[in-house]
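Naming convention: chains lettered A, B, ... in sequence-line order (proteins, then strands); numbering from 1 in each chain.
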Protein chains: 2
Amino acid sequence: MKAPARPIRRATLHHSAVEELRAMILDGELPPGVRVPEVQLCEQLGISRTPLREALRVLSSEGLVELRPHRGAIVAPVDPGEIGAIFEVMDALERLAGTLACRNGSDAEFTKLDRMHDQLVTQHEAGERAAYFLTNRQIHAQIVAMARNPALEATYAGFAAKILRARSLANYDTGRWQESVDEHEGFMAAFRRRDAEEAGALLADHSRRTAVAVIQALRQPAVQEGGAVASAAPMDVD
Amino acid sequence: MKAPARPIRRATLHHSAVEELRAMILDGELPPGVRVPEVQLCEQLGISRTPLREALRVLSSEGLVELRPHRGAIVAPVDPGEIGAIFEVMDALERLAGTLACRNGSDAEFTKLDRMHDQLVTQHEAGERAAYFLTNRQIHAQIVAMARNPALEATYAGFAAKILRARSLANYDTGRWQESVDEHEGFMAAFRRRDAEEAGALLADHSRRTAVAVIQALRQPAVQEGGAVASAAPMDVD
DNA sequence: AATTATAATATTGTATACAATTTGGCACGG
DNA sequence: CCGTGCCAAATTGTATACAATATTATAATT
């Protein structure tokens with residue numbers, strides 16, 4: 001999602017470290033609140049402290065880690081209030097994405113979107129939860145990409161990451177699944193009509209309802225299965 | 001704008017360097033496209049390369065500088081197309097800010113906003129351009145603050161910074177000044193009625209019209225007065 | 001003369017060493 | 001028994017030294 005147009009190879013260690021650490025945080029491998037000892041991660045990643053520290057600064061700028069001067073870095077805790085605020089912005093971004101996608105998306109992209117939606121429905125009917133979540137994320141990413149707006153894309157990706165992390169901590173209400181699919185049917189119908197306003201409105205509404213469900217789920221923390229970390233596979237459901 | 005609730009002292013050099021460099025870039029002291037030689041800036045800021053490099057990584061994450069591996073960093077160039085994309089998002093953020101400000105702002109804050117607006121009108125009538133621009137920025141910042149949404153506030157600040165930098169490169173159309181003031185009158189009236197929808201819509205419209213003016217101004221680059229850098233004082237006009 | 005190959009230089013990327021600050025424990029005093 | 005002050009250990013912050021890569025200049029060849 002953050003990959004720019006030009007496929008330049010970033011061969012620097014600190015850049016690799018950023019991606020590695022971000023993945024570890026989003027995967028829940030580094031759960032919120034844990035301290036991030038530099039030396040330990042250094043030998044774990046096989047790099048020195050310098051590039052690791054540079055990576056930590058970047059992740060701090062992204063809001064994924066929290067730097068406390070002379071007290072070490074911790075993985076940023078997930079604050080339900082902050083998630084609520086993020087969703088308020090996300091609603092607006094989803095609306096904008098839907099509107100712009102209608103205006104700027106190519107017919108080929110809309111066709112692809114239709115196929116992805118069909119796949120989503122199939123996976124829902126089959127009860128393939130993990131596959132559904134992945135397809136769902138891809139659909140929203142596709143809509144954002146069709147908006148042809150790099151600034152929107154980058155901002156969206158940042159918020160999506162934080163929301164993803166919040167979800168990995170919460171037991172998601174299964175009852176919302178059917179409702180969510182229905183909402184997807186709704187804005188897909190608007191997309192097929194190229195109704196920009198309606199598509200945007202339905203996407204925003206979809207986001208808002210998702211927010212309610214997620215925040216409610218956050219009040220009932222997920223049961224920690226197995227070892228120490230929540231579910232290994234991060235999932236995104238809208 | 002970025003100051004968190006708790007007034008913790010950040011005494012680390014790299015944090016100071018970030019703020020210093022960001023100010024230098026936004027002030028136009030470091031114009032877009034120029035290379036950023038590390039050693040030179042180091043002795044200029046009186047620090048070592050390590051904290052400076054950490055600062056550069058953060059600014060790169062913010063999109064203010066561009067890192068080219070083994071080729072040095074440059075101040076991110078201002079791409080008119082990117083500015084257009086940013087404004088598209090900004091419109092949505094302004095709308096959201098206006099709506100939320102109506103919902104969450106205190107009466108005291110609305111009173112303060114009124115006073116700021118009066119000041120703005122006075123400065124416009126007096127033709128005090130620089131003072132007007134400053135007040136204008138403060139007004140928009142106040143509205144965003146009244147929205148009570150840290151995620152919105154941070155995202156808004158990031159985009160506002162990029163827009164500010166673009167403007168310092170462009171001769172702004174003076175004819176838009178009166179129009180802009182009229183638009184301020186418009187959404188202030190909506191604010192006084194606490195009409196959230198209308199206030200948001202008028203703010204978004206205001207942002208959209210500003211975008212048109214700014215992008216047009218970008219096509220006629222500012223005359224470089226004096227030495228090499230554009231106007232020293234960055235201004236914000238909406 | 002133009003172009004390409006090559007080497008010297010400069011700048012960035014990384015690692016390590018040193019300094020400063022925080023944290024935890026322990027002794028002392030209340 | 002609890003609070004305060006001090007000391008030691010550990011970890012972070014910074015500086016410097018070394019390694020790798022890109023740029024520039026030079027020179028040789030076509």
Nearest whole Å is fine: how far is [N] [atom2] from [X] [atom1]?
X: H14(A); N: dT21(D); atom1: NE2; atom2: P; result: 16 Å
X: E38(A); N: dT16(C); atom1: CD; atom2: C1'; result: 14 Å
X: Q40(A); N: dT11(D); atom1: CD; atom2: C1'; result: 13 Å
X: L13(B); N: dT21(C); atom1: CG; atom2: P; result: 11 Å
X: E43(B); N: dA15(D); atom1: CD; atom2: C1'; result: 15 Å
X: L45(B); N: dT14(D); atom1: CG; atom2: C1'; result: 15 Å
X: H70(A); N: dT11(D); atom1: NE2; atom2: P; result: 16 Å
X: L67(B); N: dG13(C); atom1: CG; atom2: P; result: 7 Å

Identify which nucleotide among dT14(C), dA22(D), dG13(D) has an atom closest to any side-chain atom of R71(B), counting heavy atoms from C-beta outward.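 Closest of the options to the side chain of R71(B): dA22(D).
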
Give a yes or no on whether the backbone of E29(B) and the side-chain of D27(B) come within a donor-acceptor separation of less than 3.5 Å.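 No: the side chain of D27(B) does not pair with the backbone of E29(B).
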
If only atom types and distance count, is the side chain of N104(A) paired as donor or acceptor with the main-chain N or O of R148(A) below 3.5 Å?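 Absent.
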
Does R35(A) have a side-chain nitrogen or oxygen under 4.0 Å from the phosphate oxygens OP1 or OP2 of dT12(D)? yes

Using heavy atoms and a sub-4.0 Å distance, could you list which residues of residues 46-54 of chain B are near DNA chain C? By number, please.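 Residues of residues 46-54 of chain B under 4.0 Å from DNA chain C: R49(B), R53(B).
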
With sequence neighbours left out, which residue pairs that include part of residues 38-52 of chain A fulfil the side chain to side chain donor-acceptor pair (under 3.5 Å) condition?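 Non-adjacent pairs meeting side chain to side chain donor-acceptor pair (under 3.5 Å): E38(A)-R49(A), E38(A)-R53(A).
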
Using atom types as modelled, flag every donor-acceptor pair under 3.5 Å from a side chain in residues 69-84 of chain B to any protein atom, sequence neighbours excluded.
| unit_1 | atom_1 | unit_2 | atom_2 | d |
| --- | --- | --- | --- | --- |
| D79(B) | OD1 | G81(B) | N | 3.2 |
| D79(B) | OD2 | E82(B) | N | 3.4 |

Going by distance alone, is a donor N or O of one side chain under 3.5 Å from an acceptor N or O of the other, for S180(A) and R209(A)?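 No, because no side-chain N or O of S180(A) sits under 3.5 Å from a partner of the opposite role on R209(A).
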
Is a salt bridge present between E62(B) and R22(B), judged by a nitrogen-to-oxygen distance below 4.0 Å? yes

